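One structure is given below, encoded as structure tokens.
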Amino acid sequence: MRNRRKAGWLTGSFVLIAAAMVSTALAADSRPNILWIFSDDHAVQAIGAYGGRLEKENLTPNIDRIAADGMVFDRAYVANSICGPSRATLLTGKHSHKNGKLSNQSGNFNQDQQQFQKILQTVGYQTVMIGKIHLAGKPQGFDHWEILPGQGRYINPEFITENGKVVYPGHSTDVIADRALRWFEQDRDPDKPFMLMVHFKAPHRNWFPAERFREAFKDRTFPEPDTLFDDYAGRGTAAHEQDMSIDKTMTIRGDLKVGNFADRTAEFEAAGLEGKDLVRWKYQAYMRDYLACIAGVDENIGRLLDALKTAGLDQNTIVMYSADQGFYLGEHGWFDKRFMYEESFRTPLVARWPGVTKPGSRNSDLVQNIDFAETFLDLAGAPVPADMDGASFVPLLKGERPADWRTSLYYHYYEYPGVHAVRRHEGVSTDRYKLIRFYGRDVPRGEEWELYDLKTDPQEMQSVYNHPEMSGIVKQMKEELARLRTQYEVPQDILSFAPQKAPAPAKSSANPKTGIIYSADPARPVYEQNIDVRGRPLSITARVQAGPNAHGVILAQGGQNFGYALYLENGRPGFVVRQGRKLIKTEAAESIPAGKVILTVELTGRSSVLSVSGKKVATGDGAVFHQNPAEGLSIGYDFVKEPVRLSCVGEWTGENRFSGTVEAVEIK
């Protein structure tokens, strides 16, 4: 496909051509400004302009205003439905395997690589990033940036800036808009065009709205999706064994804030619900919080649009709104994203280009987030590097469909094992059919295939992969999948499951069924992914050899969201459970004796009991995990993939390796 405005010989060395373009016909006052507004986990079905069961709820009047003045893209999709990788694709115009950000757990993003905003700077655009980017490292290519660290906080958010960290009071959605408007009204150079990127944290889990919207939504009732009680009969292992259901995964206190919101707490405690009635109650509480967060985003989008009009720039500014992926609002009984099924694969995209894009128009061509970077560059008249994967959709905004526009999309999700336990999968989707290949060690026979006819089964309830009459379609779709792998240069080594592990010691073994792991070499600790701790008490035993002042992590499973760890601090044993920001500690007052000792922890929902060689030394509060931690079990250290501040179970710095010897561990 070569419909993009791209110099085929360009490989990233664009400074000379850019300088020439600035010095000739591209006068600053004639080039359009670009206002890019991005949210986190905003589902298409929660936008009025897209219709559906929530259309009449009047949830997004300002997003609908952009749509009415411009174009709605009905078939916009992502290449990898997870936050960090989606944002890496936004900046680079490349699939995850090329930009290096396969998953949220896959380590740092290489900020030194080519990114569209760096190119925009060379052609005279002001480039600004405000809000959530969720990519580690110092941003590059922005004249001004203020970003949330990682996921960021909803209330009184902290921002990382060029000059250090700053905390602003208020709700993050309001604060992000405030900071964007401050730059626009006070710091913008009126003689240069701008690319202003406003990235809201909302409506990311745990959906904590501003109080004014919580109050407005607290008594509203929303229609249920038809598939709320889906039993996954027509699908394979991945759908059956995911961990993202409203029923089992969504937490009453953490997600739905029972114990935090007094009125909801009283309602819940009085109702005494169970079974389907409890699921329905959880769904309504979820919708009230999620949609209240959306209302905050939409209100602040209105503020941005009004500011453009007040400044007299509304007619020369292209406004686009999108999200890093779709989201489940109870469809199939789920929340979250990750799957290639429509609700998470599809993302909102509306755009207004005064004088160019026909108001009230709709587009049904296949657009993907690999196209965003190319489109921004094309709008600015900047060169588009040949190694980007997408295509500018500027022609579509003009109502023109290039003859060679794509007819299929490639998708690849990598984050398994991980939060929500969605199996690795890749796939191809056309205007009618979708073929998905789930693969890995926890998929029967190593891979499973699903095929959906989106025309006859738009809710994807029944895979027809094994239907004899579909054999011809299966063959065609597999050929198209192979063609896209070649086009996008997908490495063969990532098409099979290869979990990341630390080097195993010479004398080690692992039995995932019993959870027994032995390690005799503290210099080469074990990393084992497959210990299931969901919904049950835990009995943990560790045989160690250490001195009275030994320190470090004996074992840890999890990270910034959920997890537990057994450790020594100056010889004193301790056990910690992490549930979001809450740390539950059980710590002994005295050091262990020198030599070999056996440390045990009995963890239930009521208590945590820590013992040394059979003698109880400390008790604390209990906990039960309602989902598996994203990070696997590590022996002898705390396994760290992301920056330290995002990944440790406890409050220590770095891997916090154990200074003694871990001889055996048993978890049951």
Side-chain angles (χ1 to χ4, degrees), residues 39-48 50-64 151 153-155 170-174 200-229 244-302 323 326-337 343 348 580 626:
S39 63
D40 195 309
D41 295 343
H42 192 175
V44 163
Q45 56 271 35
I47 295 177
Y50 279 97
R53 73 179 190 275
L54 299 173
E55 180 180 10
K56 297 180 181 180
E57 302 293 335
N58 192 31
L59 300 170
T60 54
N62 290 298
I63 298 174
D64 297 345
Q151 294 287 0
R153 298 194 296 256
Y154 266 115
I155 305 301
H171 191 275
S172 72
T173 304
D174 299 331
F200 294 108
K201 168 185 170 62
H204 192 278
R205 189 182 187 187
N206 64 344
W207 319 296
F208 205 103
E211 181 59 28
R212 64 188 185 279
F213 291 111
R214 192 191 81 80
E215 188 67 26
F217 279 71
K218 69 178 184 179
D219 296 322
R220 293 181 65 170
T221 300
F222 298 97
E224 296 175 0
D226 296 337
T227 60
L228 181 60
F229 297 104
M244 48 188 274
S245 70
I246 292 175
D247 181 11
K248 297 180 180 179
T249 315
M250 185 175 285
T251 62
I252 296 292
R253 293 188 176 274
D255 290 329
L256 303 181
K257 308 159 196 74
V258 168
N260 191 335
F261 297 163
D263 50 350
R264 182 173 297 170
T265 302
E267 175 189 341
F268 174 76
E269 292 177 347
L273 301 171
E274 59 184 23
K276 288 187 175 181
D277 289 336
L278 177 58
V279 172
R280 288 191 165 100
W281 183 90
K282 292 172 75 174
Y283 167 77
Q284 291 298 336
Y286 166 40
M287 285 295 90
R288 288 165 187 158
D289 292 348
Y290 178 94
L291 297 175
C293 286
I294 294 295
V297 169
D298 189 80
E299 179 187 78
N300 280 287
I301 289 174
F327 212 68
Y328 293 94
L329 303 184
E331 296 85 8
H332 308 294
W334 294 339
F335 66 98
D336 207 69
K337 54 259 185 180
E343 291 86 356
H626 297 288

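From a predicted model like this one, the values you see are computed outputs, not experimental measurements.
- Heavy-atom minimum distance, H42 versus P348: O-CD, 3.3 Å.
- Nearest approach of G259 to T265, heavy atoms of both residues: N-OG1, 2.6 Å.
- In this structure the side chain of R205 never reaches within 4.5 angstrom of the side chain of D336, judged on heavy atoms.
- Every ring pair (Phe, Tyr, Trp, His ring centres under 6.0 Å) that F327 has, sequence neighbours left out, goes to Y290.
- A side-chain N or O of D298 and one of N62 form a donor-acceptor pair less than 3.5 Å apart.
- The pair D41-K337 counts as a salt bridge, with a side-chain nitrogen and a carboxylate oxygen less than 4.0 angstrom apart.
- Atom CE of M250 is separated from atom CG of N206 by 10.5 Å, given to the nearest 0.5 angstrom.
- Residues L329 and Y286 form a side-chain contact, since some pair of their non-hydrogen atoms from C-beta on lies under 4.5 Å apart.
- Side-chain contact, E224 with Q284: no donor N or O sits under 3.5 Å from an acceptor N or O.
- Atom CZ of F208 and atom OG of S172 lie 11.0 Å apart (nearest 0.5 Å).
- Between H171 and E211 there is no side-chain heavy-atom pair separated by less than 4.5 Å.
- Side chains of L59 and I47 form no contact here, defined as non-hydrogen atoms less than 4.5 Å apart.
- Checking side-chain atoms of T251 against main-chain N and O of D255 turns up a donor-acceptor pair under 3.5 Å.
- Distance check, rounded to the nearest 0.5 Å: NZ of K282 to CD1 of I246 gives 8.0 Å.
- When all heavy atoms of S245 and F335 are compared, the pair lying nearest together is O-CE2, 3.5 Å.
- Of the options R214, K257, K218, a salt bridge (charged side-chain N to carboxylate O under 4.0 Å, His left out) to D289 is made by K257 and by none of the others.
- Remark: side-chain polar atoms of W334 are not paired, donor with acceptor, to backbone N or O of G330 under 3.5 angstrom.
- The shortest side-chain heavy-atom distance between F261 and F268 does not fall under the 4.5 Å cut-off.
- Annotation: side-chain contact (heavy atoms from CB on, under 4.5 Å) contacts of E267 (sequence neighbours excluded): W281, R288.
- Residue D40 holds its CG atom at 12.0 Å from CZ of F200, rounded to the nearest 0.5 Å.
- The closest donor-acceptor contact from the side chain of Y283 to the backbone of P223 lies under 3.5 Å.
- For the pair F213 and A295, the tightest heavy-atom approach, listed with the atom from each and the gap, is CD2-CB, 3.6 Å.
- Scanning both residues, A46 and I294, for their nearest heavy atoms gives O-CG2, 4.2 Å.
- The closest side-chain heavy-atom distance from Y328 to P225 is not below 4.5 Å.
- With rounding to the nearest 0.5 Å, the separation of OG1 in T60 from CD in E299 is 13.5 Å.
- Remark: R220 engages E57 in a salt bridge, criterion side-chain N to carboxylate O under 4.0 Å.
- The shortest side-chain heavy-atom distance between D174 and R212 falls under the 4.5 Å cut-off.
- Between the side chain of K201 and the backbone N or O of Q151, at least one donor-acceptor pair lies under 3.5 Å.
- Between E331 and R53, at least one side-chain N (NZ, or NE/NH1/NH2) sits under 4.0 Å from a carboxylate O, which counts as a salt bridge.
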